[in-house]
Each structure stands twice: as C-alpha cells, then as structure tokens.
Amino acid sequence: MVANKPKMTRPTVYQFKLGDFTITNILEGFITRDDMHPVTATNGTAAEVEAIAKAHKLPFPQMEHQFIPTLVDTGDKLIAFDPGFGDKNPGAGKYNGRLADAGYDLNDVDYVVVTHCHPDHIGNLTAGGNPTFPNAEIVFGEDEFAFWKKGENIPAHRPPTLEMFNNVCLPFEDKARYVKPGDDIVSGVTAVDAYGHSAGHMAYHIESNGQQLMIMSDTVAHFAISTANPEFHFGMDDDPVKAVESRKRVLATVADNEMLAIGFHMPFPSVGYMDRHGDGYVWVPHSYQMNLG
Ligand SMILES: [Zn+2]
C-alpha cells in the first residue's frame, strides 16, 4: 500500500525580483494537442517541425499548450497582464486561486493590462458576469480594442473571439484606458508594438534598476518551433505576415540586449533568454540568475 499517493503536482506559481519590482508568473492551466504540425508552422512541413522537436527532445506531434499570465508588482502598483480564461474555461482557468498562492488578492490589482483580446487573455476580466478585479482599471491597446469593436475583417477562425470580446470587453469601454506602442502604464512598464498575432497585439517592456524584461505575450507561440524559425506562421496568428515581422523584431531586441523574456504559452515558469542560433534563436530557460540578487 502506498501511504501517500502522489498527486502529480507541478509548480504553478513562480516569483523573482527584477530590480525593485516583483514578477509573478502563474500557470493558469494547459491543454494538450496532437497537431504540433500544422499549428506551429502552417507554412512549414511536418518533417521540418518534427526535426526541431527532436532536437529539443520533444515528442511529435503531441504538445502541451500552457497559459501563463504575469503580474508586475512595482511596490506601489500591482499590474496583472492577461489574467487568463477564468470561468470561461473551467478546465484551465485556475488563475484566481493561484493568485492567492502568490500572496495577492483580486482586490489588490490596480491595473489589468490586456495584450490582445483573444479568449485565453480576456476571459477572466469578468467572473459570473461581474468584474473579476473590482479595484482595477482595465488597459487595452487602442488599435486592438478598435479592431474588435469595429468587427470587420474578422479572421475565419475568430467569430467566437469576437463574441467573447463583445460580452467581456465591450462593457468596460467607457471606464477603460487605452494605450499605444511607446506609452507607459506606470514608469518602467512600456507598451511595445508586436502587431500581427492580433490586429493590435502588444508586448510589454519592463525595466527596474537597470534590469530588463520583455513580456512577449503571444509573439512567440511555441518556445522551440517559433524561435528556431521565426518565419513559421502560427495557426492562431490573425495576420501571419505581420506576426513574423513583429516576432523577428521582438526576438532581436530580447537577444541583442540580453534581457529576460516571458511568453504566455511557453513552458512554465516561462522565464528565460533568447540566444541567436543560425537564422533563428534558441530559448535558454532561466535557472538561478535572478535568485542571486
Ligand atoms: Zn494566447
């Protein structure tokens, strides 16, 4: 008899200091898929994708697709980026409970920053029809919000996204704040143009005491495939050609400045660096660098 049956736990909260800021990543959940090809490279061959997977000791074609929201605590303000699905996906929507594990309360959040309006990034703006974060100002990219509000030229795979936007985001329209690339949420937290994955998709550059982090959001969909060849089109990119331009620009910025990066769909804790490798990049996961103070 096994006295303590293993529960197959895995880490779900990860925190580190970036200068004076505290960064928290939460594993909101994950799904498994069996279509690494074509979803990670609709313009690449199965053989190309399988070769990259093998080089990273990954199975093929099965893959895990994780959902990892980030919080930035400046000491003065608590900023929650893309707080996940919430109750719109009961299987994966573990954000609110895990926020408590991180030492925060839903009431503590001052700003909820939405990098783009896809379901895994906006679902948890409301819970049971009410705002999930009662004291937070919601911040949208101006172009992103305008695109979904207009509701024209919606990609073929996105009608459910438009429906969720109308239900979840639109009610915040008059109370929300809108930003453009280059705008600061607070000092040290700056919006970065990463358009393409969605019409106004934004990354965020974080800087405190000379330490830098790029919250890439969905600029990189798969940590191995999308970095090895940034020209691969991700099946969930709304404008794949523009997404490639943004991916190349953001990856170059991260690599050439040796800054930390976080991606919403990269393996938890989703903290690491990008190294140039041939025409692409390789993801170097964070180990203990940020623990040494
Ligand atoms: Zn996403």
Side-chain angles (χ1 to χ4, degrees), residues 7-16 18 23-37 39-41 44 49-72 81-85 89 91-95 98-99 101-102 115-116 118 120-121 194 197 203-204 206 213-230 232 234-237 243 247 250-251 254-255 258-277 280-291:
K7 287 187 271 186
M8 301 303 287
T9 56
R10 59 159 82 185
T12 53
V13 174
Y14 190 82
Q15 291 180 309
F16 63 94
L18 183 90
I23 312 297
T24 302
N25 277 0
I26 290 176
L27 178 64
E28 211 223 353
F30 57 88
I31 57 171
T32 50
R33 312 178 54 119
D34 59 6
D35 62 346
M36 182 186 273
H37 185 268
V39 75
T40 63
V49 174
E50 184 170 12
I52 298 166
K54 283 220 154 62
H56 287 80
K57 309 289 181 266
L58 295 169
F60 179 88
Q62 198 181 41
M63 64 179 236
E64 196 173 74
H65 192 58
Q66 303 187 4
F67 308 99
I68 303 173
T70 299
L71 294 108
V72 174
F81 290 85
D82 295 346
F85 279 114
N89 183 341
K94 310 278 194 253
Y95 184 92
R98 289 175 183 169
L99 186 69
D101 294 341
T115 66
H116 65 296
H118 290 171
D120 45 329
H121 301 256
H197 175 66
Y204 277 87
I206 315 296
L213 160 71
M214 186 72 82
I215 297 176
M216 302 186 296
S217 192
D218 287 10
T219 307
V220 171
H222 189 283
F223 81 97
I225 311 298
S226 313
T227 51
N229 184 349
F232 279 152
F234 176 46
M236 283 174 259
D237 284 341
R247 189 174 303 121
V250 170
L251 285 172
V254 168
E258 299 186 346
M259 65 176 70
L260 270 182
I262 288 172
F264 194 87
H265 297 294
M266 295 169 62
F268 196 82
S270 185
V271 182
Y273 305 85
M274 289 291 174
D275 218 6
R276 284 187 181 273
H277 186 76
Y281 298 84
V282 72
W283 174 240
V284 181
H286 165 264
S287 53
Y288 56 71
Q289 297 92 328
M290 303 307 291
N291 302 343

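From a predicted model like this one, the values you see are computed outputs, not experimental measurements.
Contact between Phe268 and Thr12 at its shortest, heavy atoms only, is CZ-C, 3.4 Å. Between Phe264 and Asp120, the closest heavy-atom pair is CZ-O, 3.5 Å. Minimum heavy-atom separation, Pro59 to Ala53: O-CB, 4.0 Å. Between Gln15 and Ala102, the closest heavy-atom pair is NE2-O, 3.2 Å. When every heavy atom of Ala255 is checked against every heavy atom of Arg276, the shortest pair comes out as CB-CG, 4.3 Å. Among all heavy-atom pairs drawn from Met36 and Met63, the shortest one is CA-SD, 3.7 Å.
A 4.5 Å side-chain heavy-atom check between Ser270 and Gln66 finds every atom pair outside the cut-off. Looking only at side-chain heavy atoms (C-beta outward), Leu71 and Ile23 stay at 4.5 Å or farther from each other. You'll find the side chain of Asp35 stays beyond 4.5 Å of the side chain of Pro61, heavy atoms only. At least one side-chain heavy atom of Met266 sits under 4.5 Å from a side-chain heavy atom of Val220. Proximity of Ile68 to Ile26: side-chain heavy atoms (C-beta onward) are nowhere separated by under 4.5 Å. Residues Val39 and Met236 have side chains in contact (heavy-atom distance under 4.5 Å, counting atoms from C-beta outward). A heavy-atom distance below 4.5 Å is not found between the side chains of His121 and Phe81. In this structure, the side chains of Trp283 and Met274 come closer than 4.5 Å at one or more pairs of heavy atoms.
Using a 30° and 60° split on the angle between ring planes, Tyr14 and Phe16 fall in the tilted class, from 30° to 60°.
Between the Thr227 side chain and the Ala224 main chain, a donor and an acceptor come within less than 3.5 Å of each other. Between the Thr40 side chain and the Ile225 main chain, no donor and acceptor come within less than 3.5 Å of each other. The main-chain N or O of Pro69 is never found under 3.5 Å from a side-chain atom of Asp82 such that the two would form a donor-acceptor pair.
Atom-to-atom distance recorded for Leu260:CG and Ile215:CD1 is 11.0 Å, nearest 0.5 angstrom. Put simply, CG on Leu58 and CD on Glu50 are 11.5 Å apart, with the number rounded to the nearest 0.5 Å. Annotation: the span from Leu213 atom CG to Met216 atom CE amounts to 9.5 Å, rounded to 0.5 Å. For the atom pair CG (Asp101) and CG (Leu27), the distance works out to 11.5 Å, reported to the nearest 0.5 Å. One distance of note links CZ of Phe30 with NZ of Lys94; it measures 9.0 Å at 0.5 Å rounding. A distance of 7.0 Å separates OG in Ser226 from CZ in Phe234, rounded to the nearest 0.5 Å.
At a threshold of 4.0 Å, the pair Asp237-Arg247 counts as salt-bridged, since one of the basic side-chain nitrogens sits closer than that to a carboxylate oxygen.
Ring centers of Phe85 and Phe67: under 6.0 Å apart, within the cut-off. Aromatic rings from His222 and His265 are positioned such that their centres are separated by 6.0 Å or more. Taking the six-membered ring wherever Trp is involved, the centroid distance between the rings of His286 and Tyr288 does not fall below 6.0 Å.
Screening residues 59-68 for salt bridge (Lys or Arg N to Asp or Glu O under 4.0 Å) gives Arg10-Glu64 as the qualifying pairs, with residues at least two apart or on separate chains.
Counting heavy-atom neighbours within 6.0 Å of His56 NE2, excluding the residue itself, gives a total above 12.
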Verify side-chain hydrogen bond (donor to acceptor under 3.5 Å, both in side chains) between Thr70 and Asn25, making sure each step is shown before the conclusion.
CA-CA 5 Å; Thr70 299; Asn25 277 0; 2.8 Å; yes

For Tyr273 and Val254, run side chain to side chain contact (heavy atoms under 4.5 Å, CB included): C-alpha distance rounded to whole Å, both residues' side-chain angles, the deciding distance at 0.1 Å, then the answer.
CA-CA 7 Å; Tyr273 305 85; Val254 168; over 6 Å; no

